[in-house]
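This report refers to the structure that appears directly beneath it.
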Protein chains: 2
Amino acid sequence: MVQPELCPRFEQAVGMLSRRWNALIIFSLLGESQRFCTMTESIGISNRLLSERLKELEKDGIVERNVFPETPVRIEYSLTEKGRALAPVMQEIEKWSQEWLPVQEAAEDEQEPSVR
Amino acid sequence: MVQPELCPRFEQAVGMLSRRWNALIIFSLLGESQRFCTMTESIGISNRLLSERLKELEKDGIVERNVFPETPVRIEYSLTEKGRALAPVMQEIEKWSQEWLPVQEAAEDEQEPSVR
DNA sequence: ATATGATGGTTACAATTCGTAACTGAGAGA
DNA sequence: TCTCTCAGTTACGAATTGTAACCATCATAT
């Protein structure tokens, strides 16, 4: 019933990072603050889920929501210090992917995906 | 429709690591080879999903399945070189979690979860 | 004053994935 | 034959996700 092997903090971190889209959201904010609509486009996530995930990440203290009352209103999302501290994780994922994943040419037409 | 910002290999890596349970499976195999039933206990994953995930990870070349025809049959799962190369990712997650996540005392009784 | 457009979301609902629990199959021993 | 262990599968309800349509606010155009 209890899994005694794993550090609960590690498990919590993995749970957060494993939540669908979270790693991509954090990665895309490592570069610079972004607006809602920019993120949906660059990440390829729907409005619904981006909204949901940003709220969760804000509650976790990883993302910050900054409102600029211009016209039309501009809202920028950025990483907190806690969020930026995830940069090394992303860097290691990037390193691994470059070393171990094949470069796949962009298929213009739909072809049988090799995995799922 | 197309998200041009992100490196496709990075996205693929994140997709694999973000799949529920995958990070914990890989982490628990970083130490040593493990049997199926040991993993379900230590990770807290169900038979169904562990089986599914191990097959996927094997197909991805990250996990190896070794059959020892003893009695009863012993099957051990271990990481390939590609899988072990994920160790730095796990280490960085661990570092981050130790620095940024609070130690939470184990609550014996069910109490209001702070998130969700 | 009303219509239109942009931004930043919500809501509704179908499709996919997950969790739980019961079941299967192979081989050995009682 | 019956039971036991290990290593999974199967069935099915519950939770999460994806898609698409809709809403609220503010500003400018008509």
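In the text below, chain A, chain B and the rest are named by the order of the sequence lines, each starting its count at 1. Hydrogens, waters and symmetry mates are skipped; everything else that's a heavy atom, side chains included, is used.
Between Arg74(A) and dT7(C) there is no side-chain N or O to OP1 or OP2 distance below 4.0 Å. Neither OP1 nor OP2 of dA7(D) sits under 4.0 Å from any side-chain N or O of Lys55(B). Residue Trp21(B) places no side-chain N or O under 4.0 Å from the OP1 or OP2 atom of dC18(C). Between Tyr77(B) and dG8(D) there is a side-chain polar atom (N or O) within less than 4.0 angstrom of OP1 or OP2. Here Ser51(B) reaches the OP1 or OP2 of dT9(D): one of its side-chain N or O atoms lies under 4.0 Å away.
For Ile75(A) and dA24(D), the CD1 to C1' distance is 12 Å, given to the nearest whole Å. If you take CD of Gln34(A) and P of dG8(C), they are 12 Å apart, rounded to a whole angstrom. For the pair Arg19(B) CZ and dC18(C) P, the interatomic distance rounds to 6 Å; values are reported in whole Å. In this structure, CD of Glu52(A) is placed 10 Å from P of dG18(D), rounded to the nearest angstrom. Taking atom CD1 of residue Ile43(B) and atom P of nucleotide dG19(C), one finds them 12 Å apart after rounding to whole Å. Spacing between atom CG of Leu50(B) and atom C1' of dC6(D) amounts to 13 Å, rounded to whole angstrom units. Atoms CD (Glu70(B)) and P (dC6(D)) sit 12 Å apart, rounded to a whole Å. Taking atom CG of Leu49(B) as the reference point, atom C1' of dT9(D) lies 12 Å away to the nearest angstrom.
Look at Glu58(A) and Lys55(A) and you find no salt bridge, because none of the NZ, NE, NH1 or NH2 atoms lies under 4.0 Å from a carboxylate O. Classification of Arg9(B) and Glu11(B) as a salt-bridged pair fails, no side-chain N sitting under 4.0 Å from a carboxylate O.
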Should Ser78(A) and Asn66(A) be marked as a side chain to side chain donor-acceptor pair (under 3.5 Å) after you check the CA-CA gap, both sets of side-chain angles, and the distance that decides it? CA-CA 8 Å; Ser78(A) 57; Asn66(A) 309 110; 3.3 Å; yes
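The side chain of Phe36(A) sits closest to dG9(C) out of dT5(D), dG9(C), dA27(D). Closest approach to the Thr71(A) side chain among dC26(D), dT19(D), dT17(D) is made by dC26(D) (side chain taken as heavy atoms from C-beta onward). The listed nucleotides are dA7(D), dT17(D), dA27(D); the one nearest the side chain of Arg65(B) is dA7(D). Which of dT17(D), dC6(D), dG9(C) sits closest to the side chain of Arg20(A) comes down to dT17(D).
Atom CD of Glu81(B) has 12 or fewer neighbouring heavy atoms from other residues, nucleotides or ligands inside a 6.0 Å radius. Within 6.0 Å of NZ on Lys95(B) lie no more than 12 heavy atoms contributed by other residues, nucleotides or ligands.
For Arg48(A) against dT19(D), a side-chain N or O and a base N or O form a donor-acceptor pair under 3.5 Å.
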